[in-house]
**Q** 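What follows is a single structure, and I will ask about it in a moment.
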Amino acid sequence: MSGFQFTFLGTGTSVGVPMIGCGCETCVSTDSRDQRLRCSVLIETAELRLLVDAGPDLRQQCLRTGITSLDGVLITHPHADHVMGFDDLRRFTPGRDDTLRVFARASCFTALEKMFFYMFNGANRYPGYFKPDPCVLGDILEISGLEVVPIAVEHGNVECVGFLFRQAGRSILAYLPDCKRISDAGMEALSGVECLVIDALRGRAHPTHMSIDEAVAISAEICPGTTWLTHLSHEVLHAREQQALPNGVNIAYDGLKLSL
Ligand SMILES: [Zn+2]
Ligand SMILES: [Zn+2]
Ligand SMILES: [Zn+2]
């Protein structure tokens, strides 16, 4: 096994694809790459297994990928499509004294404490309940030899981050599933990254997400070896959009595993 593995557990936008009540060509497509659960990824190194985001499809994603243990969860921002599976993390803290580290910005914990008050008020200690160990994200996090750098991004009115993963002097991969613009400091930190995974909602512009053209332009600026587009809406038909992309830029799909 190589030192860093990255699995797309979900690559869909907030409503998922197919979308309820839609009969468009993507929503009825028989290409499995057009079926997208809500965005989440799994990061594995020799020492570590980390989840990024815990959306409403978390249970299904864990079952189909065979995830039976975790060392921590990173949260990008508290939009429903990234946190509504939070309670399903209970299977990773089965014992009365078990906890699981959750890494997020302070403003994200404020939102999580409102949504899931019973987890944070000290009354939720029974075996089988989810018992988070809240760890407020600062500048750089180091866990078992993996450096995780939060990258500030603009995404509507909510504080939102992407994550850059560095290991043994390599800037391996950046994951920015929800973003309209990347901060200057973020762009600087991303220089030299080997692989970029970035928001590309659809062809048309959107106020809080990058379009495919915007994602391709930012990829040309950062110049990683490979770029994968994610957080895709039903307007993205995999086979058609993939053809139109420049070399080195690809549409991601659920279940895709990268060994870097
Ligand atoms: Zn999202
Ligand atoms: Zn559709
Ligand atoms: Zn969002």
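As a basis for the values below, the full set of heavy atoms in this structure was taken, side chains included, without hydrogen atoms, waters or symmetry mates. Note that ligands are numbered from 1 as they come in the structure, with each ligand's atoms numbered from 1 the same way.
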**Q** Mind checking the CZ-CG spacing from F130 to D87? Nearest 0.5 Å is all I need.
**A**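 With rounding to 0.5 Å, CZ (F130) is 9.0 Å from CG (D87).
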**Q** What N/O/S atom of H155 gets nearest to the Zn ion (ligand 3)?
**A**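 This turns out to be NE2.
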**Q** Of all N/O/S atoms in H234, which lies nearest to the Zn ion (ligand 2)?
**A**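 Going by distance to the Zn ion (ligand 2), the closest N, O or S atom in H234 is ND1.
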**Q** Would you call D254 and R64 a salt bridge, taking side-chain N to carboxylate O under 4.0 Å as the test?
**A**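 Looking at R64 together with D254, the answer is yes, because their closest N to O distance falls below 4.0 Å.
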**Q** Side chains of T230 and I251, heavy atoms from C-beta outward: is any pair under 4.5 Å?
**A**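 No; the side chains remain at least 4.5 Å from each other.
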**Q** Mind reading off the angle at the Zn ion (ligand 2) between the SG atom of C24 and the SG atom of C22, rounded to 10°?
**A**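 About 110°, to the nearest ten degrees.
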**Q** With a cut-off of 2.8 Å, does any N, O or S atom of C160 fall short of it relative to the Zn ion (ligand 3)?
**A**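 Here the distance criterion (N, O or S atom, under 2.8 Å) is not met by C160, so no.
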**Q** N/O/S atom of H77 under 2.8 Å from the Zn ion (ligand 3), yes or no?
**A**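 Yes, H77 qualifies, because one of its backbone or side-chain N, O or S atoms lies under 2.8 Å.
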**Q** Output the atom name for the N/O/S atom of D178 with the smallest distance to the Zn ion (ligand 3).
**A**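 The D178 atom nearest to the Zn ion (ligand 3), restricting to N, O or S, is OD2.
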**Q** Can you name the N, O or S atom of D81 that is closest to the Zn ion (ligand 1)?
**A**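 That would be atom OD2.
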**Q** Quick one: angle H82 NE2 - the Zn ion (ligand 1) - H231 NE2, to the nearest 10°?
**A**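 An angle of 120° at the metal.
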**Q** Using a 4.5 Å cut-off on heavy atoms from C-beta on, say whether the side chain of F92 contacts that of I67.
**A**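 Result yes, sub-4.5 Å side-chain heavy-atom pair found.
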**Q** For a 4.5 angstrom cut-off between non-hydrogen side-chain atoms, does T76 reach F163?
**A**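 Yes; the side chains approach each other to less than 4.5 Å.
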**Q** About how many Å separate NE2 of H238 and CZ of R36, when rounded to the nearest 0.5 Å?
**A**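 Here the rounded value is 8.0 Å.
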**Q** Using a distance threshold of 2.8 Å, state whether an N, O or S atom of H79 lies below it from the Zn ion (ligand 1).
**A**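 Here the distance criterion (N, O or S atom, under 2.8 Å) is not met by H79, so no.
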**Q** Could you grab the distance from atom OG1 of T208 to atom CZ of R181, nearest 0.5 Å is fine?
**A**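 Interatomic distance, T208 OG1 to R181 CZ, rounded to 0.5 Å: 11.0 Å.
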